[in-house]
Every structure is written in structure tokens, then in C-alpha cells.
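So the structure is just underneath, and the comments pick up after that.
Just so it is clear: chains get the letters A, B, ... in the order the sequence lines come, proteins before strands, and each one is counted from 1.
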There are 4 protein chains.
Amino acid sequence: MEYSAKQLQIIEVAERLFSQKGFAGTSVRDIAQEADVNVSMISYYFGSKEKLIEALFEIRMSESRSRLETLVQSEDLNPIQKINMLIDNAIDRLMGNQCFHNIMLREQLSSERTPVISDHIRNLKLRNLELMQQLVREGQEAGVFRKNIDMSLMSTTLYGTINYAIATQEFYRKINDLENMEEEEFQKYLRKRLSQHLKSLFKSTVTNEHHIEN
Amino acid sequence: MEYSAKQLQIIEVAERLFSQKGFAGTSVRDIAQEADVNVSMISYYFGSKEKLIEALFEIRMSESRSRLETLVQSEDLNPIQKINMLIDNAIDRLMGNQCFHNIMLREQLSSERTPVISDHIRNLKLRNLELMQQLVREGQEAGVFRKNIDMSLMSTTLYGTINYAIATQEFYRKINDLENMEEEEFQKYLRKRLSQHLKSLFKSTVTNEHHIEN
Amino acid sequence: MEYSAKQLQIIEVAERLFSQKGFAGTSVRDIAQEADVNVSMISYYFGSKEKLIEALFEIRMSESRSRLETLVQSEDLNPIQKINMLIDNAIDRLMGNQCFHNIMLREQLSSERTPVISDHIRNLKLRNLELMQQLVREGQEAGVFRKNIDMSLMSTTLYGTINYAIATQEFYRKINDLENMEEEEFQKYLRKRLSQHLKSLFKSTVTNEHHIEN
Amino acid sequence: MEYSAKQLQIIEVAERLFSQKGFAGTSVRDIAQEADVNVSMISYYFGSKEKLIEALFEIRMSESRSRLETLVQSEDLNPIQKINMLIDNAIDRLMGNQCFHNIMLREQLSSERTPVISDHIRNLKLRNLELMQQLVREGQEAGVFRKNIDMSLMSTTLYGTINYAIATQEFYRKINDLENMEEEEFQKYLRKRLSQHLKSLFKSTVTNEHHIEN
DNA sequence: GATGAATGAGCATTCATTCAT
DNA sequence: CATGAATGAATGCTCATTCAT
């Protein structure tokens, strides 16, 4: 599916507004006005407000997927380095598309799911998990990772932490006295801290044999 | 503030619906219908839809806060045990009020914030963090915890992981072949796994001296 | 019909609010709140909002009527003095009950008339006119007033002028640089000016033989 | 501001209904139904019920103003003739737009004023008064009008009388046994009587030196 | 007699969508 | 292709009144 410049413009505005005010909280008039197009264009171009958000997922999910697949190609790294790459890839994807991942998280919080979107999300999550499990298996075979790692919970921690860090970044700024830092610099800083934090978490967990066994 | 049985009934229905469909996605008519009261009662009792959600926060937040404060009283535990208690307390609070914490997470995802609610959330988060930092300090003074622990990120991981686990529990069920498990049993199972997982994560992180130093 | 202190209190508040915001623009809740009584008391005491305004007319109209009848008793005055008394009586009644006469004027502007109220108004107006015509007849018989006086238009001028002066008193203050005058003093001032103005108008008109004859 | 045929249709219906039932007493549904348009068109065209009445004032006030300004051009008349023209102009404006002037009078009776409308009214009244005062000054300079004429009260009598005559025309019909007269003929008759009456009043007042001096 | 809870109709307005051009 | 007018359902809320006590 190809989208015209005007369609992409609408999608981008919609992404921002859905992120800020939620899907139900955003009217097509809001979108049309900010995208500087006629209201009827949204139904005209996409069929409905529902189809618009589906188009958004279509685009962003394929981007996410291709960025995920670049990970597979890196062959000459050791298991820990690969895990670290996966972590940075996740941080980049989520931090670099905060609006979209905000929408995606909301979608997962909702019980009014659209099949098309749910499928997208499930597929990406499956692929994510698959990749993580493969990396871990490699590490285990190389003897550097411990057995009995619940990768689905590690994955939950990875995405849960990043998502929650994004959601509460303002609070993080305040309590760490970073309120005067430039927005761009803060974003870089937060990425770095998240990267260190998550790498440390993962390293301790996948390598440490002395974990709790209850 | 005291609420009558009928008011509480409305609040509970609202909590479930806001959780399922979001605040903007839930109409007062939806709530009135499911709570089996006249539509105008919502304005009559709470003043407005907005005030209704504020009443919900008023109630749940004070509950959360008092449950949080019970932690302070446990004196005869060692630092690790205290951290573990804090983790279980968080799991209990979030897993035991999934609807409400779903709403709370959405609220944090939104940029259209209500001051009253934002204040509640900020205050609870501050108290949470305060408590965690105090526990960690005790562990550090006892010589069992390492220095340089970024508690705000550890807290992010704690709440981020639980919130995300709740949001994606259906997915977790599916990939772990737990689809036939009874709902209640699954909830218990998930709590236990989360508990183990987070305790393991925290223990490795707060005690392990070999963390990444970049 | 006798009214209790609480009922009178409600009626007085209603009078003020109907005057300020109109009948339809005033809710029974507004009235109840300002009168410091329970909302249901208005229906309880008067039957309905409609009946409340009828009660108001009942009271004020009988007051107006008795004040009007005092005129009849003044026997030892000449025709001009009697006319002047009638003018001052009208000014006193309207200026002294601005709220009520505001409501009464609105009622006459409306085509959604309540029979009870319409009857009150018509009866008072008839009695007013009757009295004026009687005074004029006396003057004509005494030879001091000219023939062919359209008393219904003179009456229209009398009440129209006072009503309009009341409605536009703020404007009158402004254009006559009286904005710093105390409210009470201004009321007295306006009454006096109106009295002079109307007496002058009436005297010129009822006595001057050189009026237009087209 | 230009208005489409449909907008004008709505405005005309609104004018009639506001006149009959007051602003608060008229619902947008009433207007929509009588104007035979969809309810939402009123918000669509005017933004709100409030803006609708503002649009009405915009239109009628500019009409009134231009009709008022035609007076200025009549040069070759004597002072009395000019005053008479001003009276007839006022009668024509008010009698020819009874609905609108009913609304305008109500607006002046209300203490819940809309700034936009208040400004319109004040400006027109100022212009009215200005013109009257100028005419009177000309008459005084020509030596035919007496000094010390309170034009603001004369103006009050002019507009008060016409407004009140319109408000009570039904009563006037009845007491003058004109109930069988055709509506159109009655309107012409009333205009003529008002014209005679007011011209007579004004002439006596502005020229008669024997006015009351208390 | 007096009250606060409760009702259901009605309010102005906004919604996503469709229609005529 | 693209648009602005138009639609009718739905929104949150207020209304005058009534009910149960």
C-alpha cells in the first residue's frame, strides 16, 4: 500500500494527536484542522477514522519489523553483544517513535481491539520474542548463559521498562533535577541511561547462576 | 469524602469501562446503563464525568497509599527481604486492581492531564520512590547493597514490568501454552512468576558488584 | 392567599432572578439556592415554577392596585395637580419595584402568555386608564384641559417612558456623567427628572390648544 | 459578513421565536424545526445559539444604522420638520421590525448581557442621541426651540412610547374598539396615531417656553 | 410538613460520515 | 478527484418535577 504525501501528512498528524489524546479523544476534525485538509478527506482517503489508525499501524509496523530484522544479519558478535544490540534496537525503536508506541501501548491496554491492529501487534511481539529466544539459545549453547531463563518475562521487562520510562519521562526529569536540560539532550541522556540499565539487568540475569530458585 | 452504595456502584462500573475503553471512549450513558442507574445520576452524584474519574482516583489512591504505608512497619527484616516485600506489595497492588492501574497508566500516557489526577499520581510515585530509596540506603549501610543504584530506573522497571505484564497477559498465556488454565489460577501463576522474576532481577542488580560501568 | 415567611423569601428571590435573567433563563435550582431552601420546596409550596410567578403577580399586583386606589381619595386638588399626582404615583410604583415591573414588561413582550398573568396585567392597565380618563374628563369639564386627548397614547407615553428609563438607566448615567453618583442618590435624581419631564409633557399636551391637527 | 439564503432563513425564524418566547425560552430545536433545517446546522453555520443572536444583531443593527443616517442628508427642512422626520424614522424602524426591537428591548431588560450585543445597542443609542441633540441645537440656534431640553429624556420618551405601544398594541386595539380592523390596516393606523402623538408631544415640549421650572 | 434522592425529557453541541457537485 | 454542505446519532449535562420517607 502506497500513500500520497497528503495521506502521509494526515497519518503523521493523527499519530501525534492519538498519542496525546487517545483515539476516542481525537476527532477527525482535530486531525483535519491540524493537517490543514478538509474534514471529509479523512473518510475519503482512508474510509473511516478506524481505517486511518489501521493505515498508521500498517506503516509503522512494517518499519519496526524491518528495523528488527537488521538484527539477524549481525553474525560476528558474541551472545552478550547480540543481547545488547537487541536492547539498543528496542530502545531506538520505542524512543524514536514515542508517539506511535504510545498509541500501541494504549491499544494493548484496551479491550476494544481491532483485529487488524491486534494482529500486527501480536505478530511483531512474536517475532521479537522469537529473536530473543534464538539469541538466548545461542548463548546457552556457547555456555555463557544460564538455563531456565523465562524470555517472555525478560521481554516484558525490556518493553515494559522502556514504555514506562517514556510515559513517565517528565517525572524522571523532575526527580533527577534535569528540568533545565534541553529536550534533545535529555532524550539522548535517557536513552543512554536506559541502555546501561537494561544491559546491566539482562547481563546479571542471563549469566548469574545464583538467581532465586523458589 | 464518603460515598453511598450507589455511588460506589457507579464508580466501580466506571472503573471497569474506563479501563476497557478509555475515558473518552466511555460515555456516561454506558456507565449509567451498566450500573443500572439513570443517566442524570452521574451528574447529580459527581457533578460531571470528569469529577467521577477524580472520585475514582480519590478512592483508589488512598487505598494504594495505605497499602504502601504498611511496608514501613515491617522492622525485623533484612534489606533483601524488605525489597522483596516491596516487590510483592507492588505486584499485589497492581495485579489486584488491574482496571484501576490500567486507567492510571493511560492517564500517564496522555498529554491532556487533569491536575487533580496528575497530583495524585505524582504524589504516590514520589512516595513509592522515597520508600524504595530508603530501603536501598539501609541495604547500602548494612553493606549488602552496591553503591550507585539508579532507583528511579529500578522503579521504572518494577512498575513498567508489572504494568506491561498485565497489559499483555493474554499474549503471555498464549505463548506459554496456558490458554486452558482457569482465569483465577492463571492470575495466581502470573503473580508468582512476576514475583520470582522481579526479585531475581532486583537481587542481581542491587547486590552484584560486577555491573556494567560504561 | 396568605404566604409564609419562607414562601415570601422564595418569591422575592424569584422576582430578582426573573428580572435579571428572565423566566426561562432562571432555573428553580437558581432560586432555591439563592433563597437557601431545598429545590423541591418550590414545587412543594407553589406547585410549579409557573405557579410561582403567578403567586408573584398575585402579590405585587394587589399592592400596585391598592396604591393606585389611594389616588381616588384625593379630592381637594385641581385637575393638573391630580394628573401630577398620578404621574408621581406611576413613577413611585415602577421605580420602587423595578424588578417586578421588569418582569411585567417582559411578560407583555412575550407571546407565550399565561392567562392568569395576562388577566392581572389587563385589569391593572384598564383601571389605570379608567382613572386617567376620569381625571382628564374632570379637567375638561373644568375647562382647563383641551378636548380630543388620546388618553391611551398618553398612558402609553407615561408607562413607556418610565419603563424605558428604568431599562436604560445605566446608559442615562453614562451619557449624563453621573457614573460616580451613589446608587441611591441616582435613583432619587432619576425619579425627580422623570417627574419633571413627564409633568411638563403632560401639562403641555393636555392644556395646549395649539397641538397638531393632521 | 455575508450570509447565505439558508443562514438568513434561520436568522429570520430565530428573530421571530426569540421575540415571541425570549432567547432562553427558545431552543435551537425550535428554530431548526421552524426553519426546516437540521438541528446541527445552527451550530454549523453560526457556531452556537449565542453567535446566532449576535449575527442577528449584526444584520439588523447595520440596517437600522443606515436608515438612521439617511436623516442626515435632508438639508432643506426647518428644525420642526427635521424633528418630525426623526420621529417618523424611529416609528418606521421600530414598527417595521417589531420582532427585532422586541428582542432588543428584552436584551436591555436583562442583566446577563453579551458584550457584542451590548456594544451594538450602546453604539446605536449614542448615534441616535447624537443626531437628536444636533437637530435640537440647530433649532435652538434658529431661535425656534427653547433652551434646557433634556434630550436624553426626550429620547427615552420617543423610544419608550413606541416600544411600549408595540408591546401593548393588542390592549390598544381592544380599548379603542379596533378588534375587527385588518391587521395591516391597524398597523398603519397605529403608526399614524403614534406619529401624531409624538410630534405633538415634541412640538409642545421643544417650543413651549412655559414648561415647568421646579 | 419537609427533604434529599431520583426521574426522564430536554438542552446545546459535537461526532463521524455522506452527499451533491 | 476533491470539496464544503449537510446529516442524524450521540455527546455530557441541566431541567422541572416527583417520589419515598
Side-chain angles (χ1 to χ4, degrees), chain A residues 4 6-7 10 14 23-33 36-53, chain B residues 4-7 10 14 23-33 35-53, chain C residues 4 6-7 10 14 23-33 36-53, chain D residues 4-7 10 14 23-33 35-53:
Chain A
S4 72
K6 216 153 208 173
Q7 281 173 304
I10 292 170
F23 179 74
T26 305
S27 75
V28 293
R29 267 177 176 72
D30 290 340
I31 301 167
Q33 189 175 304
D36 204 34
V37 298
N38 189 280
V39 211
S40 53
M41 294 314 293
I42 282 150
S43 297
Y44 181 69
Y45 276 140
F46 300 96
S48 71
K49 191 185 170 188
E50 197 63 50
K51 294 269 182 62
L52 167 59
I53 198 176
Chain B
S4 72
K6 215 148 207 175
Q7 280 174 303
I10 292 170
F23 179 75
T26 305
S27 75
V28 292
R29 275 172 177 80
D30 290 341
I31 299 167
Q33 189 173 306
D36 204 33
V37 298
N38 190 285
V39 210
S40 53
M41 292 315 290
I42 282 150
S43 296
Y44 177 70
Y45 277 140
F46 302 97
S48 69
K49 191 185 169 188
E50 195 64 49
K51 295 267 183 64
L52 167 58
I53 198 176
Chain C
S4 72
K6 216 153 208 173
Q7 281 174 303
I10 292 170
F23 179 75
T26 305
S27 75
V28 292
R29 267 176 176 73
D30 291 341
I31 300 167
Q33 189 176 304
D36 204 34
V37 298
N38 189 280
V39 209
S40 52
M41 294 314 294
I42 282 150
S43 296
Y44 180 68
Y45 276 140
F46 301 96
S48 70
K49 191 186 170 188
E50 196 63 50
K51 295 267 182 63
L52 167 58
I53 198 176
Chain D
S4 72
K6 216 149 207 174
Q7 280 174 302
I10 292 170
F23 180 75
T26 305
S27 75
V28 292
R29 274 172 179 76
D30 292 341
I31 299 167
Q33 189 173 305
D36 203 35
V37 298
N38 190 284
V39 211
S40 53
M41 291 315 290
I42 282 150
S43 296
Y44 177 70
Y45 277 140
F46 301 97
S48 69
K49 190 185 169 187
E50 194 64 48
K51 295 267 183 64
L52 168 58
I53 197 176

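- Between A:Phe46 atom CZ and F:dA2 atom P the separation is 12 Å, expressed in whole Å.
- Note on A:Ser27: every side-chain N or O is 4.0 Å or more away from OP1 and OP2 of E:dT14.
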**OP:** Could you check B:Ile10 against B:Phe46 for side-chain contact (heavy atoms from CB on, under 4.5 Å), going step by step and ending with a plain yes or no?
**Re:** CA-CA 10 Å; B:Ile10 292 170; B:Phe46 302 97; 3.7 Å; yes
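- The residue D:Ser43 sits close to a base: some heavy atom pair falls under 4.0 Å.
- Below the 3.5 angstrom threshold, one finds no donor paired with an acceptor across the side chain of B:Arg29 and the base of F:dA10.
- An OP1 or OP2 oxygen of E:dA5 is reached within less than 4.0 angstrom by a side-chain nitrogen or oxygen of B:Tyr44.
- Considering all non-hydrogen atoms of both residues, A:Phe23 and A:Lys49 come closest at O-NZ, 3.0 Å.
- A straight line from CE of B:Met41 to C1' of E:dG8 spans 12 Å, rounded to a whole angstrom.
- Nucleotide F:dG12 holds its P atom 4 Å from the NZ atom of B:Lys49, rounded to whole Å.
- The two residues D:Ala32 and D:Val39 have their closest heavy-atom pair at CB-CA, 3.6 Å.
- Both C:Ala24 and D:Lys6 sit near DNA chain F, but only D:Lys6 has its closest nucleotide nearer the 5' end.
- Note: CD1 (B:Ile10) to P (E:dA5) measures 12 Å, nearest angstrom.
- For A:Ile31 and E:dA16, the CD1 to C1' distance is 11 Å, given to the nearest whole Å.
- Scanning atom types as modelled, one donor and one acceptor separated by under 3.5 angstrom connect the side chain of B:Ser40 and the base of E:dG8.
- In this structure, the CG atom of C:Asp36 is 11 Å from the P atom of E:dT3, given to the nearest Å.
- Per the geometry, CG belonging to B:Leu52 stands 14 Å off C1' belonging to F:dC13, to the nearest Å.
- Rounded to whole Å, the distance from CG on B:Asp30 to C1' on F:dG12 is 12 Å.
- The nearest pair of heavy atoms linking B:Gly25 to B:Asp30 is O-OD2, 4.2 Å.
- Here NZ of B:Lys6 is found 8.0 Å from CG of B:Asp36. Values are rounded to the nearest 0.5 Å.
- As judged by a 4.0 angstrom heavy-atom cut-off over every strand, B:Ser4 is placed among residues making no nucleic acid contact.
- Residue A:Asn38 has a polar side-chain atom (N or O) positioned under 4.0 Å from OP1 or OP2 of F:dG4.
- Judged by Watson-Crick or G-U wobble contacts below 3.5 Å, the nucleotide F:dA9 has E:dT14 as its partner.
- Nearest-nucleotide assignment on DNA chain F puts the 5′-proximal partner with D:Val39, out of C:Ser48 and D:Val39.
- Within the 4.0 Å cut-off from OP1 or OP2 of E:dA2, at least one side-chain nitrogen or oxygen of C:Tyr45 is found.
- Remark: E:dT21 base-pairs with F:dA2; criterion is Watson-Crick or G-U wobble with both hydrogen-bond distances under 3.5 Å.
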